[in-house]
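Report on one structure; see the data block that follows.
Fair warning: this is a prediction, and the values are worked out from it, not measured in the lab. Numbers for residues simply follow the sequence, beginning at 1.
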Amino acid sequence: MVHNMIQQFLTQIKWSSLDYLILDLPPGTGDVQLTLTQSALLSGAVIVTTPQQVSLIDAEKGLKMFEKVNVPVLGLIENMSYFACPDCGKVAEIFKRGGGKELAHELEVPFLGELPIDPDVVRSGDEGAPIIVRNPVSPSAKAYEEIAARMAAQLSIANLKAGSGCETG
């Protein structure tokens, strides 16, 4: 069923000209990721984790799976890194901030950035206007912008390596 859905998504939708097509997949190394790698030529993968150890373990497994199937890992993002109180500005590291950055360093992949826990991101999404549109000057919007720029840069680097015959792993 997953295979059929991915095939339909990739071959039966009339995509207009795309700069990027980003798929948000469930964590781990399951059928969805494997089916996708078998169904499409992927330019790269980005691993998203939270700082907790159990998430870091899954992130490492996912990263290694993409490497095994020769999909360049563009980098790692740490989600839910911290919460900044909107009233007083105090930062609480609810899930032990920094695990994603440490894992990226350990696995020698770029660390693309960290995203805070932000109720405005949830509200914006629920209302159909991403935070980058609803409040482009917010710290969360800036974090998304910076991460997107780093992802694009890493994709350019991976494409250059692929075009020159260099390893992209």
From Leu42 atom CG to Leu23 atom CG, the distance as rounded to the nearest 0.5 Å: 8.0 Å

CD/Gln12: more than 12 non-hydrogen atoms of other groups inside 6.0 Å: yes

Side chain Glu78, main chain Gly99, donor-acceptor under 3.5 Å: yes

Closest heavy-atom pair and its distance - Ser138, Ile131: OG-CG1, 3.6 Å

In one Ile/Leu/Val/Met/Phe/Trp/Tyr side-chain cluster, 4.5 Å: Met151, Leu160: no

Separation of Leu103 CG from Ile57 CD1 (nearest 0.5 Å): 10.0 Å

Check: Leu112 main-chain N/O paired with Arg150 side-chain donor or acceptor under 3.5 Å: yes

Heavy-atom pair of closest approach, residues Ser81 and Pro51: CA-CG, 4.2 Å

Steps toward side chain to side chain contact (heavy atoms under 4.5 Å, CB included) verdict (Phe83, Phe95): CA-CA 10 Å; Phe83 172 76; Phe95 297 114; over 6 Å; no

pair Arg97-Val91: side-chain heavy atoms closer than 4.5 Å: yes

Leu74 reachable from Leu56 in the ILVMFWY side-chain graph, under 4.5 Å edges: no

Transitive ILVMFWY side-chain link Tyr20 to Leu76, under 4.5 Å: no

Check: Ser156 side chain, Ala152 main-chain N or O, donor-acceptor pair, under 3.5 Å: yes

Distance (rounded to the nearest 0.5 Å) between Gln33 CD and Met65 CE: 5.0 Å

Path from Leu21 to Leu36 over hydrophobic side-chain contacts below 4.5 Å: yes

Met5 reachable from Leu10 in the ILVMFWY side-chain graph, under 4.5 Å edges: yes

Distance (rounded to the nearest 0.5 Å) between Thr37 OG1 and Asn70 CG: 10.0 Å

Heavy-atom closest pair, residues Leu115 and Ala143: CD2-CB, 3.9 Å

Separation between CD1 of Ile94 and CD1 of Ile117, rounded to the nearest 0.5 Å: 4.0 Å

Spacing of CG belonging to Asp120 relative to CZ belonging to Arg134, to within rounding of 0.5 Å: 5.5 Å

Salt bridge present between Glu60 and Lys64 (N-O < 4.0 angstrom): yes

